[in-house]
Each structure stands twice: as C-alpha cells, then as structure tokens.
2 protein chains.
Amino acid sequence: MNNKNKVSITELLRASKLSITDTRVKILELFMNSNGALEHSSFEKLAGQTFDRVTVYRTLQTFLDKGIIHSIPTTDTSIRYALCKSDCSEHDHHDHHVHFKCEECGATTCLEDTDVPEIHLPKGYAIHNVDVVVSGVCKQCR
Amino acid sequence: MNNKNKVSITELLRASKLSITDTRVKILELFMNSNGALEHSSFEKLAGQTFDRVTVYRTLQTFLDKGIIHSIPTTDTSIRYALCKSDCSEHDHHDHHVHFKCEECGATTCLEDTDVPEIHLPKGYAIHNVDVVVSGVCKQCR
DNA sequence: TATGATTATGAAACAATGTTGCATAAAAAG
DNA sequence: CTTTTTATGCAACATTGTTTCATAATCATA
C-alpha cells in the first residue's frame, strides 16, 4: 500500500462523511489490494491482524449504506463484497456490470467492462436493481 | 394437495431414482403449493410438522443434485430454492429464466416467461450458468 | 409378503455465522 | 484541551450449517 492510496482512502471516507478509523482504513486497503470480491471471513483472517467480528459486520454495513461497496449474490452461504466505482453514492448506485464466479478457483470478480443487459419484465413490476452472476471457469483456470 | 399431485410427486421421485419417503414427498408438496421460492427455514416452520434440520439440508441437496430444484442467489443470508421445470435433469439444467425479489413483501419468484439474455464475456471465460436476479417491487405490492 | 441389503432419517454434538446491549476508547467539533 | 459524538470490543446469545453414528424406513428379490 503506497501513500497515494492512503490519501485516497482518507478522501473516500471523508467524502462519505465517515470518521476515519483504523478498521475502516484497513478494510478499504484489503479491498484495494485484492482483485476479486471478498467474503466476510476474509476480513477476519487477512492482514495478520484480527479484526473483531462485530466491527467487520458493522463496517461492511456502513460501507454498503454509503455506496462504497456493493454486495454480490451467491448460492453458497457467504455474501461477497466488492468496491464500487467512484461514481457511486449513497442513493445512487450504478455498478451495472456482470459478476463472474469461477468454479475452479472460487474467485468472484467484477467484469467492469461487461454491462448488465436490459431486462424487460411483464407489466406491473418496478425494477430497482439487476444482478447478473455468471459462473464457469475463468481465464487463469483453463 | 390433491391426489393427482401426489401421483406426480411419486413419479418425479421415481424418475430421479430416489426412494419415496415421507420427508421428500412433503417437501415437494410445499414447493408445489407455494408460488415463490422457499428458503431453508420455511421447511422447518411450515406444514405443522417439524422436519429435522439435517434431513431438510440433505433433502434439498439431493434435489439440487438431481435437478429437481434450483437455487437462487441472494445477498441476504438465506439461499432460496424453487422447483425446476420438468425438462431439467441431473446434468442438464435449463432454468434460464429471470428471478425477481420483491423488496416490499420479500417474496422471490421465478419469472418463467422472462428469459435470461445472452451474456458476452471477454475471451477466455467458459460460461456454465447465468443467474439474473432482479429486485424491486412486485405487482401485488404496488 | 417376508427377508436381507441398501438408503434415509433423527439425535447429539459441534462449528461457523450473524446479532444485540453495553461499557470503553477513539475521533470530531468547538 | 475539553466536550460531544461516534466507533470499537467484549460478552452473551441466536441462527445456520456440518459431521458422526445408531436406528428406521424403503427397496429389491426370493
């Protein structure tokens, strides 16, 4: 982690009107240093340091609320989280990209360049969000 | 639950080479009598009868393996399950429909008539499955 | 339709995951 | 530097998921 990232993490927290704490900075560093999406247990295991379980839950919830991260649905037990692009905000998410879950290595990644296609539902439904999760085998595992 | 359904449940189990047991029949009845997708806890609460937790887990896993039900990814803790159409089989799922989660009533439903659009990924990815989960407000809740 | 082989179930014990309340510690505001 | 506000850690608890093993139910077949 270089100094530039530290500065941007600070700015990110400040922009979301969140106080700057060790836990929040370290969790954001973990997100920035990892390619894929992280699941909850990662935060307790990683970083040589133990975060308290409760603090991690609360921090992730706060980041979700503020639009700093987004959650990725899964059919296993663990929800995954990934950083939002910088143009997301509290009430205006637009992470309209596809997520990919590799069945070999287990990694979940955001395919930023692959847009979610438009979905047309029968009349009467109000659409707030569309999640697309593709599973298969990623480049590295083939 | 009428007799016709009972017969078809029996046939369904037999077709999947599963022995016909009370638990399996009752869990399938729950699926057939419910419009939306069911989460695990439903099976323990519903039906006036208490199923053992372990049996429910094993039964759902068996049904998944045999292609009788499919799972629907969520960003909350509970995985949802719904019946597959009759033309699914053990190694050949084709439930290529969109799922809808209502933010008001919480119900998750299969939109059988809304196909999952084709997704084009960057080169190198092998696609096995595409899950689309739309969240918003359903007809009944508007 | 009884019998043995096979498979499913339930119980117990455990492991992992998620939640709540409250005292303390840290950060922000003045 | 002090006060106010907010975040954290701990403890206790609740829920969810897993493993093992003895018992019970189902199936195949005689």
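A quick note: this is a predicted structure, and the numbers were derived from the prediction, not measured.
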Rounded to the nearest angstrom, tell me the gap between atom [atom1] in [X] and atom [atom2] in [N].
X	N	atom1	atom2	result
D76(A)	dA16(C)	CG	C1'	14 Å
Y81(B)	dG17(D)	OH	C1'	10 Å
R24(B)	dA24(D)	CZ	P	19 Å
Q61(B)	dA8(C)	CD	P	13 Å
D52(B)	dG17(D)	CG	P	14 Å
L28(A)	dA7(D)	CG	P	14 Å
K17(B)	dA8(C)	NZ	C1'	19 Å
D65(B)	dT7(C)	CG	P	15 Å

Nearest 0.5 angstrom please: R58(A) CZ to Q61(A) CD, how far?
11.5 Å
How long is the span from the SG atom in C110(B) to the CD1 atom in I72(B), to the nearest 0.5 Å?
4.5 Å
Considering only NZ, NE, NH1 and NH2 on the basic side and carboxylate oxygens on the acidic side, decide whether D131(A) and K101(B) come within less than 4.0 Å.
no
Any side-chain to backbone donor/acceptor pair from [X] onto [Y]? Under 3.5 Å, distance only.
X	Y	result
S16(A)	L13(A)	no
H97(B)	D113(B)	no
R24(A)	S19(A)	yes
R142(B)	V137(B)	no

Parallel, tilted or perpendicular: which one describes the rings of H40(B) and Y57(B), with boundaries at 30° and 60°?
parallel
Linking I/L/V/M/F/W/Y whenever their side-chain heavy atoms sit closer than 4.5 Å, directly or via other members, would V56(B) and F31(B) fall into one cluster?
yes
Could I get a table of every N or O pair under 3.5 Å where one atom is in the protein and the other is in nucleotides 27-30 of chain C?
from, atom 1, to, atom 2, distance (Å)
dA28(C), OP1, I20(A), N, 3.0

Identify the pairs formed between an N or O of the protein and an N or O of nucleotides 18-21 of chain D at a distance under 3.5 Å, and give each distance.
none

Assign each of E39(B) and T62(A) the nucleotide of DNA chain D bearing its closest heavy atom; nearer the 5' end lies the nucleotide of T62(A)
